[in-house]
Structure formats: C-alpha cells, structure tokens
Amino acid sequence: MAHNARLDHRNPLVLDTHELGRRPGALQRLSRSVPAPKDLGLKGVVGVPEGAPVELEIRLESVMEGVLVTGTARARAEGECVRCLEPLRLDLEADFQEMFSYPDADDRGRVSAEPGDDAEDDEDMLFVEDGLIDLESTLRDAVVLALPMQPVCQEDCPGLCSECGVRLADDPDHHHDAVDIRWAALQGLADSLRDGEKDETSGADASADEKQEK
C-alpha cells in the first residue's frame, strides 16, 4: 500500500489515531457499526451484502513503529448451499490484528532518513496517514478467512438427486428404481415386439369385422 494516498476521514472504515499521540503503550478502544463495503467475502459464493451492518470491536495500541490494531467483526453473511443450491445465512465472526506503521519509522521505531525508499519492503505494509488508518483491506482479509469455502445450509445436507435434481432434504424417501443397462436394450426390444403383436391383433380383428359386415 503506497503511503502517500490521502484517506477520507468520513469513510466509516477510516480510524483516527490522533488521540494516541504516538505515545508507546497508549490505548484506545472503539465500538462502531459500519456498512459493509462492496464484495465483502467470497465473490459468487458467500459474503456480507453491501451496506449490511458490520459490528466492530477495536483496540488501538500505540507502539514504537506504529499503531497495532486488534479487533473483531460480526455480521450476517448470505450465500448459496453448495449441495442443494438453497439460499443460506450464517452469523460471521472474524478476528483480526494488523500493524499500521508510521511512514517515517523503521522496524525499530526509529525515524528513517528517507522514508519509503524501499518499495519492495513497503509493498505489503499498511501505514498511518496523517494520523488516519484505513481498515478496509484488513477487514476484507479477516472476513475471507472466516467464511467457509463451501457453505452448506446444514452439515448433513444430502444435496440434490443426481437423476432428477429434486432436493433430497424435502423428500428423504426419494429414490429411483435402478435399471441394469445390460437389460435396457432387451427391454426395449421386448416392448417393440409387444407393440407389434398388438398391431397384428388389431389388424386381424378389423379383417374379421369386415367379413362379418359382408
């Protein structure tokens, strides 16, 4: 994350750390409800709908090199059962911890002569920007890790019938009579012969009726 980006303090996921005053050991606790950002979760599988409330319990701790953020996010996720394809909802609780570094400090908390000079080291780091930190990427990572990769409506969901697609949980006794494919062709031939015999019988009966009329 580039640390020259400007953060918007009006964004509910942007936190103000000015109260900590860069005093190592200083603590700040926050509780807030924020609307879920777009695509919060596993896209196309399960996630928190955009705008749905996300309850946050957060602790900000000032350390030498930056601000350590520890917290828990709680929300209601929605998705689709991977077995029976029915809609589902589940309560989500995601814990997270992230270090937001001061742009002008190294890993020992010392002021750097040329902050941000090593782009490779900065690539995976998050920074405090003018006393503000953006929690969105941290929240996204935590939610993805907390969500099931293959959500199910219930642990023992039997899924769908492989032959007709009916939801098996709605019809526990559902089944299809098994047909031995080795006999399927013979059964078809037998049906054809029976149909032929019926046609011949019908033809004979018709001839007899015609004779009687004469």
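In this text, all values refer to a predicted model and were calculated from it rather than measured experimentally.
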Donor-acceptor under 3.5 Å (Thr17 side chain, Gly131 main chain):
yes
Same cluster or not: are Met149 and Leu40 linked, directly or through other Ile, Leu, Val, Met, Phe, Trp or Tyr residues, by side-chain heavy atoms under 4.5 angstrom apart?
yes
Could you walk me through whether Thr72 and Glu93 satisfy the side-chain contact (heavy atoms from CB on, under 4.5 Å) test, starting with their C-alpha distance in whole Å, then the side-chain angles of each, then the deciding distance to 0.1 Å, before giving a yes or no?
CA-CA 7 Å; Thr72 300; Glu93 181 170 312; 3.6 Å; yes
Hydrophobic clusters join Ile, Leu, Val, Met, Phe, Trp and Tyr when side-chain heavy atoms are under 4.5 Å apart, directly or via other members; which others share one with Leu68?
Val63, Met99
Approximate separation, where rounding is to 0.5 Å, of Ile58 CD1 and Gln28 CD:
9.5 Å
Testing the basics here: between Tyr102 and Arg22, what is the closest heavy-atom pair and its distance to 0.1 Å?
OH-CG, 3.2 Å
What distance separates Leu42 CG from Gln150 CD, expressed to the nearest 0.5 Å?
11.0 Å
Are Asp39 and Arg140 ion-paired here, with the side-chain N under 4.0 Å from a carboxylate O?
no
Give the minimum heavy-atom separation between Ala146 and Ala94, together with the two atoms involved.
CB-CB, 3.8 Å
Distance, nearest 0.5 Å, that separates CG of Leu60 from CG of Leu30:
5.0 Å
Using modelled atom types and a 3.5 Å cut-off, is there a donor and acceptor pairing between side-chain atoms of Arg83 and backbone atoms of Glu155?
yes
Would a 4.5 Å heavy-atom cut-off, applied to side chains only, mark Asp8 and Val14 as touching?
no
Rounded to the nearest 0.5 Å, what separation is found between the CG atom of Leu7 and the CG atom of Asp16?
11.0 Å
Applying side-chain contact (heavy atoms from CB on, under 4.5 Å), can you list everything that pairs with Pro35, at least two apart in sequence or on another chain?
Pro12
Okay, side chain of His18, backbone of Leu132: is any donor-acceptor separation there less than 3.5 Å?
no
Testing the basics here: between Ala73 and Leu56, what is the closest heavy-atom pair and its distance to 0.1 Å?
CB-CD2, 3.6 Å
Does Arg76 have more than 12 heavy atoms from other residues, nucleotides or ligands lying within 6.0 Å of its CZ?
yes
Provide the closest heavy-atom pair for Phe127 versus Phe100 in the form atom of the first, atom of the second, distance.
O-CD2, 3.8 Å
So, for Val48 and Ala75, which heavy atoms are closest and what is the spacing to 0.1 Å?
CG2-CB, 4.0 Å
Lys43 NZ to Lys38 NZ distance, which is reported to the nearest 0.5 Å:
7.0 Å
For the student: nearest non-hydrogen atoms of Ala77 and Leu147, plus distance:
CB-CD2, 3.9 Å
Rounded to the nearest 0.5 Å, how far does CG of Leu88 lie from CG of Leu85?
10.5 Å
Could you state whether Val82 and Leu90 fall into the same hydrophobic cluster, counting links through intermediate Ile, Leu, Val, Met, Phe, Trp or Tyr residues with side-chain heavy atoms under 4.5 angstrom apart?
no
Do Arg32 and Leu15 come within less than 4.5 Å of each other through their side chains, counting heavy atoms only?
yes
Backbone N or O of Arg59 within a donor-acceptor pair of the Thr70 side chain at under 3.5 Å?
no
Answer yes or no: does atom CD of Glu19 have more than 12 heavy-atom neighbours from other residues, nucleotides or ligands under 6.0 Å?
no
Single-linkage hydrophobic cluster Leu92~Val152, side-chain heavy atoms < 4.5 angstrom
no
